[in-house]
Amino acid sequence: MNATWSLDSFTFGEFTIFDCFAVRKVLRMKDSLHACASHEFTLWVMDNVKWEYDVFVCFRGTDTRNGFTSHLMEALSREQIKVFLDDMLEKTECIDVLITLLRRSALSIVIFSENFADSSWCLDEVATISQSMEEFGHRVLPVFYKVDPSEVTEDFGSYANAIERKYGARPPKFWKRKHRASKPLEDRKRRLDALKAVANCAGHTSQAIKIDSELIKAIVNDVLNRLVDMSPRVKSNILIGMDARVSGVERLLAMNEDAFRIIGLWGMGGVGKTTLARVCYQRYTSLTKEIKHYFVRNINQTCEKENGMEGIVTKLYSTLLSESNINFDDLDVSYRRSRLSRLKVFLVFDDLGTLSQLEQLLLGDLLSSTHLFAAGSRIIFTTRNRMVLGNVGARIYHVDFLDPDESLQLFGIHAFGRCLPPDDWMELSHRALSYCKGSPLAIKVFGGALSDKDKNYWLSFLGDMRQIPTPGIHDVLKRSYNALGVEEKRFFLDIACFFYGTVKSILIQYYHAHYVLENLIDKSLCICVRDDLGERIQVHDLLREMAWSIVNEETKLENRTRLKNIDDIHKLLTTSLSTNGGRATEGIYLDLSQANEMRLEANAFEGMTSLRFLRFFYPRNEYGTIKIHVSYGGLHILPNSLRWLIWHKFTAKSLPSTFSPDNLVTLSLRGSPVMERCWKVEQAKLVNLVWLDLSNCINLVAIPDLSWSSNLEYLYLQGCKSLTELPCNVGDLDKLTRLDLSDCTNLRSLPANLNSKCLKDVRLSNCPKITSCPEISSGELEVLDLTETPIIALPAAIYNIKQGGWLRLCGKHISNFLPISASLKVFRLCHTAMREMDYYNDDDRQQGSLPRFVRLELVDNPQLKSLSRISGRWSLTNLFLRIAHRLKVCRKSHSL
């Protein structure tokens, strides 16, 4: 039998099979697949067919219909095995119908009984089964019921004698005329060969298992195992990217160990936790029948119903104990607890939300949960809330989003019915995926919505999907939000609407509630990502869109807590709404690159007593034109409730004198063309300030008093060309990590010492009037930029750079420095007057204490002549040289 195939689907007979894993393999190795033998490929196809029936049962009705076969049917049905009995066929139907039904069944059970061979119909079925075994590997399970196997297989057994008696008999009346003309199916040799082929397969006999109930149990278990073996493992067109995730969970499950283990699958809603749990559950429960198993779905939703959790618990433990109608209180009986402790289980609790739910599922026994069931038991929880898992010592597997390749495959299946989108749809597909950001739920929803639609529809849909909520997605995600407390909801909306991408330490200072932020991370509503500035808080795009849809549920503008829409902001700030309304407004977020010009009156913010967040900004360090104009006299008022104030191109000479900035965590007035001081009269105590950015305020003559700002971490003053000195109290900021004074061309005076132990980045480039570099106490220094300064002597801190750190030195007057023995990830030396490089002293050479640089960058060092004192043991992964035309070859070869 031949199989035809293409890159999109595989066709076998009347079955069309789509399997993304196979197609993906075709896409990668299509040349080798062309060389596959058709027989091998046919077997692959048969292993992937979705059968209409699990089992075809062939039996002699007069022998076993009302006895053994009826009991076997009941047992198979009890295990949800779909069975076709041959007596469901009309005897008037031709053998072609039987052949079709056999090929739609995964395997056949042939029950050989005393008078089986007396039936021409039974013999014809066996002949057809034998032919199917030979042609496409049909699976058979023979059962010898009250008959010796030798009677079936031997040439002189009772079956052979029965065939001999019938040999040459007229064909049965029900055969159609065309079959009478063909070779008779009663042919003795053909029938005997078929009986032998089927009877010689591995099976069961009543001689070995004499009790019918035990024999039936053995047959059912055998059938289940064979069906599992015949089925593909986790290869499915909807399980993209599942193999690696299943392997990760398998390592935590460690099924070969006899210990009790609890595994937690933790991640954002819609990321695939339930699917992953289901795959693991199906894999292990189908292979280990001695373990009691149960899958509890949608716990959170069920618990919303009356007596929902009680119903879950009673049904679960009734099933495990094989008792009916166990009441919730009956589970406190010590004997039942004792039985449970001897029971080996594999359980899945899907969508666990709270500690209370966990306690009830484990019968209130969290401290000794490992003794509730027998050793070797496994429990899998899926949850969006990592905190509940810590109470039972769960091993946590974080279910992450799909990567770009996996996302494209899943989208292709749901949008096009193939593993990859067509080439001419690829660009639009990537646009859709840019919104999904690896969320399987979103990919399926959008793929289904765009399936069979033309390109005009796609363009319209993709243009609107960020403005129009998608109910199927938001409803799933909103369950996490609804489970939050009041303060957590407020915090989440702030982060999702305003603070995504913000440094974690700033957010902690903003709220003075570290635990709230950690709770949101534990509940999969945000994540923490590390970069050069530290740990940043990120929120998935879908959660951000959901947050804005929640905010916009309030139809009246003056009652909305957070504003982002340009027209709404303009209306609020330029009409009487700001003074007569706006009391509910907590945050305003305006991208100036997208906004039109706006003129604000002096009292524009007068009624906004709840305003905590104000951000008028140009993204990505852009410096556009002035978009928001303040009246000539400046603002008369800003709310004292402000904790976050970012106003790029601020057009007043100072902030209002009535404004008390004690609550400010972030202050950025970057690019103000007229501001000279933050306050006309210095009165502010910036006790909560973490981030101060006054860069490119070209008329700024003095920065605020920072003597109270013990929490300040980031100070950006680059491009403040009118600034002449930096107050000494800046040197005492013990949490300062970054100081940027680049392009302060009139800056003359700096503190003698920078005492922060965590200072990482100091930039003094293009400060031509700075003649000496402050001493730096930090052992964390990564960047020291002295480009275009007359500084010659370097601070001692660079010689104590931490192991594995980064060090970048720039400065045209740097002509030498002491040896460095640290091993660094990156060492960058640029724009210097260095003539020779010497990385270590003689003692270091003798002791073998040699520097190791993953990347060494020597950029624009025109005087550099040689690296003459570097040993052959010096190790580099990457060497980058530019404008070093005088550089001589090193004395020994180096390891690159």
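Values in this document were obtained by computation on a predicted structure and should not be read as measured data.
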*Please name all residues satisfying salt bridge (charged side-chain N to carboxylate O under 4.0 Å, His left out) with R342, sequence neighbours left out, ordered by chain then number.*
none
*Supply the atom-to-atom distance F411 CZ to K444 NZ, rounded to the nearest 0.5 angstrom.*
14.0 Å
*Hey, is the main chain of V126 close enough, under 3.5 Å, to the side chain of S130 for a donor-acceptor pair?*
no
*Quick one: sort the F349 and F381 rings into parallel, tilted or perpendicular, breaks at 30° and 60°.*
tilted
*Please tell me if the side chains of F59 and F116 come closer than 4.5 Å, counting only heavy atoms from C-beta onward.*
no
*Do side-chain atoms of K273 reach the backbone of G267 as a donor and acceptor pair under 3.5 angstrom?*
yes
*Taking only residues two or more places apart in sequence or in another chain, which ones pass salt bridge (charged side-chain N to carboxylate O under 4.0 Å, His left out) with D193?*
K189
*Which heavy-atom pair separates P142 from A202 by the least distance, and what is that distance?*
CD-O, 3.2 Å
*Any donor-acceptor pair under 3.5 Å linking the side chain of S451 with the backbone of G447?*
no
*Quick one: ring-ring contact (aromatic ring centres under 6.0 Å, His included) partners of Y397, sequence neighbours excluded?*
none
_Pairing donors with acceptors under 3.5 angstrom, does anything connect the side chains of T64 and K146?_
no
_Does any part of the side chain of I129, heavy atoms only, come nearer than 4.5 Å to the side chain of H138, both counted from C-beta?_
yes
_Does D350 form a side chain to side chain contact (heavy atoms under 4.5 Å, CB included) with I299? I'd like the steps, not just the answer._
CA-CA 6 Å; D350 174 47; I299 292 174; 5.6 Å; no
*Find the distance between CG (L340) and CG (L321) and round it off to the nearest 0.5 Å.*
4.5 Å
_Using a 3.5 Å distance criterion without hydrogens, assess whether the side chain of E406 forms a donor-acceptor pair with backbone atoms of L402._
no
*Any chance you could measure C280, atom SG, to I263, atom CD1, to the nearest 0.5 Å?*
9.5 Å
*asked:* D351: which residues meet the salt bridge (charged side-chain N to carboxylate O under 4.0 Å, His left out) condition with it, sequence neighbours left out?
replied: none
_So which atom in A277 and which in T382 form the shortest heavy-atom distance, rounded to 0.1 Å?_
CB-CG2, 3.7 Å
*Shortest non-hydrogen contact from A194 toward A127*: CB-CA, 3.6 Å
*asked:* Contact between V249 and R245 at the side-chain level, heavy atoms closer than 4.5 Å - yes or no?
replied: no
*Which pairs count as side-chain hydrogen bond (donor to acceptor under 3.5 Å, both in side chains) when at least one residue sits in residues 197-213, sequence neighbours excluded?*
Y145-D212, D148-Q207, H204-D222
_Min side-chain heavy-atom separation R226-V140 under 4.5 Å_ = no
*Audit row: V83, D54, side chain to side chain contact (heavy atoms under 4.5 Å, CB included) steps and yes/no*: CA-CA 6 Å; V83 181; D54 298 323; over 6 Å; no
*Does a side-chain heavy-atom distance below 4.5 Å link E125 with S108?*
no
*For atom CD of E114, is the number of surrounding heavy atoms from other residues, nucleotides or ligands below 6.0 Å larger than 12?*
no
*Hey, is the main chain of P149 close enough, under 3.5 Å, to the side chain of T153 for a donor-acceptor pair?*
yes
*Do I216 and F68 come within less than 4.5 Å of each other through their side chains, counting heavy atoms only?*
yes
*Can you name the residues that form a salt bridge (charged side-chain N to carboxylate O under 4.0 Å, His left out) with E323, not counting sequence neighbours?*
R336, R339
*Quick one: does R60's side chain have a donor or acceptor within less than 3.5 Å of a partner on T62's backbone?*
no
*Mind listing the closest non-hydrogen atom pair of S322 and K292 along with its distance?*
OG-NZ, 2.9 Å
*Shortest non-hydrogen separation from I240 to Q409 and the atoms involved*: CG2-OE1, 3.7 Å
*asked:* Within the 4.5 Å heavy-atom criterion, are H293 and Y284 side-chain neighbours or not?
replied: no
*Verify, without hydrogens or angle tests, whether R139 (side chain) and L227 (backbone) share a donor-acceptor contact under 3.5 angstrom.*
no
*Could you tell me whether the side chain of E52 and the main chain of R104 form a donor-acceptor pair under 3.5 Å?*
no
*Going through the checks in order, is the side chain to side chain contact (heavy atoms under 4.5 Å, CB included) test met by I111 and V57?*
CA-CA 8 Å; I111 303 175; V57 180; 4.1 Å; yes
*How far does CD1 of I209 sit from CD1 of I219, to the nearest 0.5 angstrom?*
7.5 Å
*Nearest heavy-atom pair of C58 and C122: which atoms, and what distance?*
SG-O, 4.2 Å
*About how many Å separate CG of L316 and CE of M309, when rounded to the nearest 0.5 Å?*
10.0 Å
*Roughly how far, to the nearest 0.5 Å, is OG of S120 from CZ of R191?*
5.0 Å
*Heavy-atom side-chain proximity of L195 to I163 below 4.5 angstrom*: yes
*asked:* Is there a side chain to side chain contact (heavy atoms under 4.5 Å, CB included) between T274 and R297? Walk through the geometry before answering.
replied: CA-CA 8 Å; T274 301; R297 291 174 173 80; 5.7 Å; no
*Ignoring hydrogens and angles, tell me if any N or O in the side chain of R261 forms a donor-acceptor pair with the backbone of L252 under 3.5 Å.*
yes
*asked:* In terms of relative ring orientation, are F144 and F112 parallel, tilted or perpendicular, with 30° and 60° separating the classes?
replied: parallel
*asked:* If we ignore hydrogens and angles and just use 3.5 Å, is the side chain of Y159 paired with the main-chain N or O of S150 as donor and acceptor?
replied: no
